[in-house]
Amino acid sequence: MESRQIQPESLFPAIAAQIRGALSTFHLAAVQAVPPEAREKDPDLDRKAAVMDQSYYRLLRLVNLLSAAALPEDAPLSLQNRDLTELVGEICDRAGDLAQSLGLEVRFSCALSRHVCAVDPQMLEQLLFHLLSNAFKFTPPGGSVTVELRVQARRVLLSVTDTGQGIPPERLASLFDGYLHMERQAPAPCGMGLGLSLCRKIAERHGGMLMAESQVDKGSRFTLSLPDRRVEGSVSDVPFDYAGGFNRTLLALADALPVQAFRIRSQS
């Protein structure tokens with residue numbers, strides 16, 4: 001009987017599920033040991049618990065990236081007709097509140113009062129939050145991150161532009177598959193390159209593309225180009241949640257946020 005070789009990537013979802021379960025148990029125990037009421041009354045205890053929360057969210061984010069990156073290329077999208085002006089604007093509002101802890105300003109630029117397009121909302125949110133997380137990490141205090149949504153030549157263009165440190169030309173060539181080229185990876189806090197690889201996969205599965213432009217010491221711009229289309233059916237406003245019931249914004253931006261963003265007092 002012919003044996004079939006198992007690819008390591010195919011094990012990621014199962015491994016991720018095991019780690020996610022262990023993390024959830026850890027987080028539940030931590031909340032029971034240090035309840036929110038106690039943190040509210042004791043600023044020092046709140047600071048210490050925030051460090052645990054930050055580590056928890058960062059680990060959960062990494063596990064979700066590993067799981068999502070291993071999805072097969074032919075896995076079906078959950079396309080829904082969504083008002084992108086509302087969807088993207090709401091993400092920018094949530095991210096902007098937390099960007100203040102980094103001394104950054106998030107701007108949403110869109111001349112459209114409403115524009116409905118077929119997207120997978122969960123995947124689009126993951127992509128946009130990852131681009132925002134990168135922009136936050138590499139933009140110094142006092143800088144800005146601008147999200148622009150526009151329609152041109154039957155394409156929807158969604159861009160994230162920062163005033164950060166920029167990307168060296170030698171890194172641009174392998175930016176979206178850096179995890180395949182360990183020798184080309186930049187030092188921390190750049191990470192393993194899984195996020196941008198996933199962003200490109202999300203763009204391509206939508207029939208689109210993701211492009212990057214950058215100038216050192218001036219900033220970077222990432223632009224998602226999607227086909228401007230709709231699927232049969234009405235516009236959907238069904239909520240979705242890939243964060244397991246936890247704060248989606250904190251989870252998505254955990255890699256870029258300072259520890260004070262995880263304090264109980266900062267969320268009230």
Side-chain angles (χ1 to χ4, degrees), residues 7 9-17 20 60-92 94-95 108 110 112 114-134 147-160 175-180 193-212 222-246 248-249 251-253:
Q7 296 299 318
E9 293 84 356
S10 66
L11 298 176
F12 283 174
I15 295 172
R20 196 178 291 115
L60 183 57
R61 177 181 180 274
L62 177 58
V63 168
N64 285 346
L65 276 177
L66 284 169
S67 182
L71 285 175
E73 298 291 340
D74 57 352
L77 293 175
S78 179
L79 290 178
Q80 300 174 16
N81 294 329
R82 295 295 297 263
D83 180 1
L84 295 187
T85 303
E86 179 183 40
L87 178 63
V88 175
E90 191 255 343
I91 292 173
C92 290
R94 286 155 47 198
F108 178 43
C110 181
L112 306 166
R114 176 180 171 85
H115 188 78
V116 176
C117 181
V119 295
D120 183 314
Q122 176 176 329
M123 288 191 171
L124 183 63
E125 180 174 290
Q126 284 184 298
L127 181 149
L128 181 52
F129 266 133
H130 187 79
L131 295 182
L132 286 169
S133 177
N134 276 359
V147 178
E148 182 183 18
L149 177 66
R150 57 195 174 95
V151 178
Q152 178 180 312
R154 301 182 68 181
R155 306 288 294 184
V156 172
L157 302 177
L158 177 62
S159 64
V160 176
L175 193 63
F176 296 109
D177 59 354
Y179 76 102
L180 296 175
L194 276 172
L196 284 177
S197 173
L198 176 60
C199 287
R200 182 177 65 175
K201 180 185 291 188
I202 290 172
E204 292 175 345
R205 290 181 65 191
H206 276 83
M209 65 183 72
L210 184 62
M211 300 160 284
F222 288 83
T223 302
L224 170 67
S225 173
L226 297 175
D228 188 12
R229 62 184 177 182
R230 297 190 187 187
V231 292
E232 292 185 6
S234 60
V235 177
S236 173
D237 59 358
V238 176
F240 58 93
D241 184 10
Y242 65 90
F246 298 103
R248 292 206 312 271
T249 310
L251 175 60
L253 300 175

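- Across Gly207 and Pro227, no two heavy atoms sit closer than the pair O-CD, 3.6 Å.
- Counting only heavy atoms from C-beta outward, the side chains of Arg20 and Leu60 approach each other to under 4.5 Å.
- Across every non-hydrogen atom of Leu127 and Ala203, the tightest pair is CD1-N, 4.3 Å.
- The environment of Glu86 atom CD is sparse: at most 12 non-hydrogen atoms of other residues, nucleotides or ligands sit within 6.0 angstrom.
- In terms of the side chain to side chain donor-acceptor pair (under 3.5 Å) criterion, residue partners of Ser225 (sequence neighbours excluded) are, by chain and number, Arg155.
- The structure places CG of Leu124 at 10.0 Å from SG of Cys199, a figure rounded to the nearest 0.5 Å.
- Nearest heavy-atom pair, Ile202 versus Met123, reported as atom, atom and distance to 0.1 Å: CD1-O, 3.4 Å.
- Separation of atoms CG (Leu131) and CG (Leu196) is listed at 7.0 Å; rounding is to 0.5 Å.
- Across all non-hydrogen atoms, the minimal contact from Ser133 to Ala252 is CB-O, 4.0 Å.
- Across every non-hydrogen atom of His115 and Asp83, the tightest pair is N-OD1, 3.1 Å.
- Leu251 CG to Gln126 CD: the interatomic distance, rounded to the nearest 0.5 Å, is 9.0 Å.
- Not counting sequence neighbours, Glu204 has no partner by the side chain to side chain donor-acceptor pair (under 3.5 Å) test.
- Every side-chain contact (heavy atoms from CB on, under 4.5 Å) that Leu149 has, sequence neighbours left out, goes to Leu84, Thr85, Phe108, Cys110, Val156, Leu158.
- In this structure, Leu224 CG and Met211 CE are separated by 8.0 Å, a value rounded to the nearest 0.5 Å.
- For Ala118, the side-chain contact (heavy atoms from CB on, under 4.5 Å) criterion is met by Asn81, Arg229, Val231, not counting sequence neighbours.
- Across all non-hydrogen atoms, the minimal contact from Arg205 to Leu77 is O-CD1, 2.9 Å.
- In this structure, the side-chain contact (heavy atoms from CB on, under 4.5 Å) partners of Ala95, at least two apart in sequence or on a different chain, are Phe129, Leu132, Phe136, Leu253.
- For Asp120, the side chain to side chain donor-acceptor pair (under 3.5 Å) criterion is met by no residue, not counting sequence neighbours.
- To the nearest 0.5 Å, the span separating CG on Leu157 from CD on Glu148 amounts to 8.5 Å.
- With sequence neighbours excluded, the residues forming a side chain to side chain donor-acceptor pair (under 3.5 Å) with Arg61 are His130, listed by chain and number.
- Residues meeting the salt bridge (charged side-chain N to carboxylate O under 4.0 Å, His left out) test with Glu90, sequence neighbours left out: Arg94.
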